[in-house]
Amino acid sequence: MEREARERLRWKCRRGLLELDLVLQRYLERNPQDAELSELLDLADNDLWDIVSGRNERYDGRLSGIVARLRAS
Amino acid sequence: MSAALPVRRFDAIVVGAGGSGLRAALELARASLKVAVLSKVFPTRSHTVAAQGGIAAPLANSTEDNWHWHMYDTVKGSDYLGDQDAIEYMCRRANEVVVELEHMGMPFDRLENGKIYQRPFGGHTQGYGSAKMAMRACAAADRTGHAMLHTLYQQNVRANTQFFVEWMALDLIRDPQDGAVVGVTALEMETGEVHILQGKAVLFATGGAGRIFAASTNAFINTGDGLGIAARAGIPLQDMEFWQFHPTGVHGAGVLITEGVRGEGGYLLNKDGERFMERYAPNAKDLASRDVVSRAMTTEIKEGRGCGPEADHVLLKLDHLGPEVINLRLPGIREIAIKFANADPIREPIPVVPTVHYQMGGIPANYMGQVVVPEGASHEAIVPGFYAAGECSCVSVHGANRLGTNSLLDLLVFGKSSGEQMAKDIRAMPRPHRNLPKDAGELSRARLARLDGASAGERVAEVGADLRRVMQAHCGVFRFPDDLAKGVEKVKEIAARAQRSFIADKSKVFNTARVEALELDNLVETALATVVSADARLESRGAQARADFPERDDRDWLKHTLWYKEDNRLAYKPVHLKPLTVEAFEPKVRTY
Ligand SMILES: Cc1cc2nc3c(=O)[nH]c(=O)nc-3n(C[C@H](O)[C@H](O)[C@H](O)COP(=O)(O)OP(=O)(O)OC[C@H]3O[C@@H](n4cnc5c(N)ncnc54)[C@H](O)[C@@H]3O)c2cc1C
């Protein structure tokens, strides 16, 4: 992935919830180029946190790969 | 010679799309003014989204309540440093702005009769501090800030507010004739271009700067940009020594562990396994007020009884509650502890430290949002064209200590009042914009040119981390004289290093390293303001707790601090002890 896309993704990981900032920063350090992440980042902060923290299991199945990776990180 | 910066003109410019910025923008857009809202991130990702507890309004839906009781609680909570005219104003408009928000579609929790459900909250009382709690906090489940932000954003979209998303304001433009603010410079992240946004009225609603501390509940975007920008433009910052700490943030991460954990029977331990709160507060123990618990924790750590290899935290034990209580009554806590502390609270304690949460100080403003500064004989001369609201402002309704749920209220009341005032002022101005000063944008351009020209220097992430460490160690929840004096020197050294900041990536398009270097400048201004103001205030009041001056001193210190960037100078101005229409609440001796 080119520099610009990586930078955009990085900024999209700046969130209103500290919980997400921390998880996403940790994830990005190891996987700076995960294109699947971008779609997930369109979710509202609290909805995203509910999914990442495992409180919500009913989300778009197409995202299950990236959700599993984020939860594991 | 570089080409002139591109200029765009608006009636009003709002920097910040959190609760306060969006509320103000809505008022302006509905008045059919041309309004631009700038935000570093997508509006609904502003930090307001993190607020859970609720918003205060004396609606009296469940218990008897009124604005005067709310006012009393706020004045007392502020440890008498709050301006009583502004507090009266806020409490009297609380019901109006909350009901308005309800009509905009805010999904408040409801009572069976359909009215907004209200719950009790620390410090909310009936009858001027009686033992009876007032049910005053309105909430939308545990997502009040989220619901508020989304509601206001939708309303703005409908009202045709123009958003500039991922635009970072850099500096103010002031007319040298009379100091009026006539616009801002801003970096468009997408292109890397700097623009001038010219306006007849400019509102700062840039939120707090909690990231100046190592332990912070604030999201990464809270870098105090509005404060840094104002300070560079010669505007003083008010009461910056006052920061509210939460006792239980996860060590090393900052994520908040709610008071509910101790409410359910969790307690704190030092490295000897001692339940130390029994020594500090024999009755309330771990449920003593936030500042008491935070100070006790700091004392334990300071005296060598902290836990872990660095002896720098204490432990929050809750495994004795059993998995049922933890899973059922404290949802989310287990996930947070496992994710951020690597500790499963069902089996092991959570490492915690007092963690910064809210900034009471900020850009000095009156209750109409107008920025006010000392000039000649006046302590509070209006800076024409400049307004501030929300956490970046100091109105001052929170004084030395904020009452829970009053911040969201502050966003709505003062977001609205500044929008009203701006609309009025804009209408009174001549139709054409003023001419921009000749050197408009030069400061920003010079800052960027330096950064882009530097081929070596200090790494932004390292300087930032050092700043946060120094602030935590020298200007934390419990302040010691030698620490503070050394802290001032250390932050000055860090400020000098920040002037030599360096980024390796010089690309223009979407350069996050450049953005973070610019944020660092703002963090540094905020930190300097904080440590210098704290060092100078020789008393303990609200959130400022000094080991060498443990008492409040109304004779010498019932006054607001003003810090100027130039020469790190301090000035003081009186507190407004006189409310608008009612009798003043006289400062009372603190009873323990
Ligand atoms: C975990 C947590 C829980 C809380 N719970 C409560 C609660 O229950 N009740 C309560 O009353 N208060 C609560 N608070 C406090 C309250 O949430 C905040 O004080 C409030 O949301 C701040 O709102 P704001 O509008 O001032 O700024 P923010 O919501 O922080 O928004 C700032 C805006 O400014 C923009 N911005 C910043 N710098 C720039 C720049 N240079 N250029 C362009 N845009 C910029 C950002 O993009 C953002 O849009 C809580 C705080 C935290 C941390």
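Every chain is numbered from 1, with letters handed out A, B, ... down the list of sequences. What you are looking at is a predicted structure, and each value in this text was computed from that prediction instead of being measured.
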Would you say the side chain of [Y] lies within less than 4.5 Å of the side chain of [X], judging by non-hydrogen atoms?
{"X": "His47(B)", "Y": "Arg15(A)", "answer": "no"}
{"X": "Arg3(A)", "Y": "Asn511(B)", "answer": "yes"}
{"X": "Phe510(B)", "Y": "Arg10(A)", "answer": "no"}
{"X": "Phe42(B)", "Y": "Lys12(A)", "answer": "no"}
{"X": "Leu18(A)", "Y": "Asn218(B)", "answer": "no"}

Checklist entry - Hey, what do you get for CD (Glu190(B)) to CH2 (Trp11(A)), rounding to the nearest 0.5 Å? => result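 So the CD of Glu190(B) and the CH2 of Trp11(A) are separated by 13.5 Å.
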Next on the checklist: Nearest 0.5 angstrom please: Glu4(A) CD to Ser507(B) OG, how far?
Outcome noted: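 If we round to the nearest 0.5 Å, Glu4(A):CD and Ser507(B):OG are 8.0 Å apart.
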Hey, which of [options] has the most heavy atom pairs under 4.5 Å with chain A?
{"options": "Val255(B), Leu149(B), Thr44(B), Ile338(B)", "answer": "Val255(B)"}
{"options": "Gly18(B), Gly207(B), Ala253(B)", "answer": "Ala253(B)"}
{"options": "Asn222(B), Val250(B), Val509(B)", "answer": "Val509(B)"}

Checklist entry - What are the two closest non-hydrogen atoms of Gly16(A) and Ala50(B), and how far apart are they? => result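 Heavy-atom minimum between the residues: O-CB, 3.8 Å.
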Checklist entry - Which heavy-atom pair separates Glu7(A) from Ala513(B) by the least distance, and what is that distance? => result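 Where Glu7(A) meets Ala513(B) most closely, the heavy atoms are OE1-N, 4.1 Å.
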Residue part contacting chain A, namely of [X], when any heavy atom lies under 4.5 Å:
{"X": "Thr512(B)", "result": "both"}
{"X": "Arg211(B)", "result": "side chain"}
{"X": "Thr48(B)", "result": "neither"}

Checklist entry - Would you say Asn342(B) has more than 12 foreign heavy atoms packed within less than 6.0 Å of its CG? => result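 No, CG of Asn342(B) has 12 or fewer neighbouring heavy atoms, counting only those of other groups under 6.0 Å.
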Next on the checklist: Would you say that more than 12 heavy atoms from the other residues, nucleotides or ligands in this model lie under 6.0 Å from the CZ of Arg459(B), or not?
Outcome noted: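 12 or below, so no.
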Next on the checklist: Shorter than 4.5 Å, heavy atoms on both sides: which option in Leu17(A), Leu20(A), Leu22(A), Asn46(A) has the most such pairs with chain B?
Outcome noted: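 Highest number of heavy-atom pairs under 4.5 Å: Asn46(A).
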Next on the checklist: Checking an interface table here. Which of residues 514-521 of chain B come within a heavy-atom distance under 4.5 Å of chain A?
Outcome noted: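 Residues Val515(B), Glu516(B), Glu519(B) are the ones that qualify, each having a heavy atom under 4.5 Å from chain A.
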Item to check | Side-chain ion pair, Arg45(B) and Asp21(A), N-O less than 4.0 Å | outcome: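 Answer for the salt bridge query: no.
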Item to check | Pairing of Glu19(A) and Lys339(B) as salt bridge, 4.0 angstrom limit | outcome: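 Salt bridge: no.
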Checklist entry - Looking only at heavy atoms, which of residues 59-73 of chain A get nearer than 4.5 Å to chain B? => result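 Checking residues 59-73 of chain A against chain B gives Leu70(A), Arg71(A), Ser73(A).
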Checklist entry - Going through the distances and angles, do Met189(B) and Arg8(A) end up as a side chain to side chain contact (heavy atoms under 4.5 Å, CB included)? => result CA-CA 9 Å; Met189(B) 292 182 62; Arg8(A) 271 200 192 87; over 6 Å; no
Checklist entry - Of the backbone (N, CA, C, O) and the side chain (C-beta and beyond), which part of Arg55(A) lies under 4.5 Å from a heavy atom of chain B, both, or neither? => result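 Looking at Arg55(A), just its side chain touches chain B.
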Checklist entry - Checking Leu41(A) against chain B: side chain, backbone, both or neither under 4.5 Å from a heavy atom? => result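 Contact with chain B involves the backbone of Leu41(A) alone.
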Checklist entry - Could you go step by step and tell me if Asp50(A) and Arg143(B) meet the side chain to side chain contact (heavy atoms under 4.5 Å, CB included) rule? => result CA-CA 12 Å; Asp50(A) 281 352; Arg143(B) 293 185 165 202; 2.8 Å; yes
